[in-house]
Amino acid sequence: MATVQRQPLAAQAAQLLLDRIRAGEWQLGHKLPGETTLAAQLNVGRSTLREAIRELSGQGVLESRQGAGVFVTALDVAEDWDEVLRRADIAAVIEARIAIEAEAAALAAQRRTPADLRIMRKALSVRAGSDDSVEHLVDADTAFHRTVIAAAHNEVLLQLFDAFVPRVHRAMTEMLRMRPMADPAADHHAHEVLFAAIRDRSADTAATASRVHLSALKSAFS
């Protein structure tokens, strides 16, 4: 079993613990051995071990529970979200959007308010008249989709959508510059269908409309 050999001890101890978690020694939700056992295994003092555990707790991998011990709450350190999205293939990003937006569309159909519909209708109208430039079209399209997410009244879904915006915005702008939309009228009609389903409180139809539209977008990038 590997032990800590040099400074900084706490950082090395944290890395060794993380390596063992990644290797599957402790599964999600499992309790780590006690301090005395772990400190002996890593050949460090208990104060160094506590510092290592604090480091991994700060990274969301471990959680110290009063009177219960230390538990695994993640199997790896989460990467920076923006970096993940910058590196991700656009098809993968759109697949994630489908998962988020189809559910958001269904929730919007159930939860939308008259104010939500007014905002959504205005955004749809702006989108219809935004064919003067690629940039304006992408901006208007993004704004409309955000009104749908906002109408779901779920802050987590809205934050997730906002995280996707820069990656998708760049990709869509580049794609439309190289390959203009084949049938703008049909594309806009797909957005009208989505709006109508939300207006009519048809959750299943809204989810399907969102999924079909975004799947077509994904195909456009392939």
Step by step, work out the side chain to side chain contact (heavy atoms under 4.5 Å, CB included) result for V193 and V212. CA-CA 11 Å; V193 169; V212 168; over 6 Å; no
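- Residues in residues 62-76 take part in these salt bridge (Lys or Arg N to Asp or Glu O under 4.0 Å) pairs, two or more places apart or across chains: R22-D76, E63-R65.
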Exercise. Would you check, one step at a time, whether the test side chain to side chain contact (heavy atoms under 4.5 Å, CB included) holds for V165 with R146?
Key: CA-CA 9 Å; V165 166; R146 195 180 191 279; over 6 Å; no
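- Note that the CZ atom of F195 and the OG atom of S125 stand 10.5 Å from one another [nearest 0.5 Å].
- Between R111 and A152 the shortest heavy-atom distance is NH1-O, 2.9 Å.
- Checked against side chain to side chain contact (heavy atoms under 4.5 Å, CB included), E95 has the following partners two or more places apart in sequence or in another chain: K218.
- Taking both residues in full, the closest heavy atoms of I149 and A104 are given as CD1-CB, 3.5 Å, listed atom of the first, atom of the second, then distance.
- For P166, the side chain to side chain contact (heavy atoms under 4.5 Å, CB included) test picks out R170, with sequence neighbours left out.
- Pairs engaging residues 186-212 under the salt bridge (Lys or Arg N to Asp or Glu O under 4.0 Å) rule: R127-D187 [sequence neighbours left out].
- Counting only N and O atoms by type, the side chains of D139 and T142 include no donor and acceptor under 3.5 Å apart.
- Taking each heavy atom of G69 and K31 in turn, the nearest pair found is CA-CE, 4.0 Å.
- Between L32 and L62, the shortest heavy-atom distance links the atoms CD1-CD2, 3.9 Å.
- Interatomic distance, CG of D116 versus OG1 of T147, reported as 8.5 Å (0.5 Å rounding).
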Name each donor-acceptor pair under 3.5 Å that joins a side chain in residues 47-54 to protein atoms two or more places apart or in another chain, with its distance.
from, atom 1, to, atom 2, distance (Å)
R50, NE, E35, OE1, 3.2
R50, NE, E35, OE2, 2.9
R50, NH2, E35, OE1, 3.1

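- With sequence neighbours excluded, the residues forming a ring pair (Phe, Tyr, Trp, His ring centres under 6.0 Å) with H213 are H145, H191, listed by chain and number.
- Taking hydrophobic clusters as Ile, Leu, Val, Met, Phe, Trp and Tyr residues chained together by side-chain heavy-atom distances below 4.5 Å, L18 shares a cluster with W26.
- Counting all heavy atoms, side chain and backbone alike, A123 lies closest to F144 at CB-CA, 3.9 Å.
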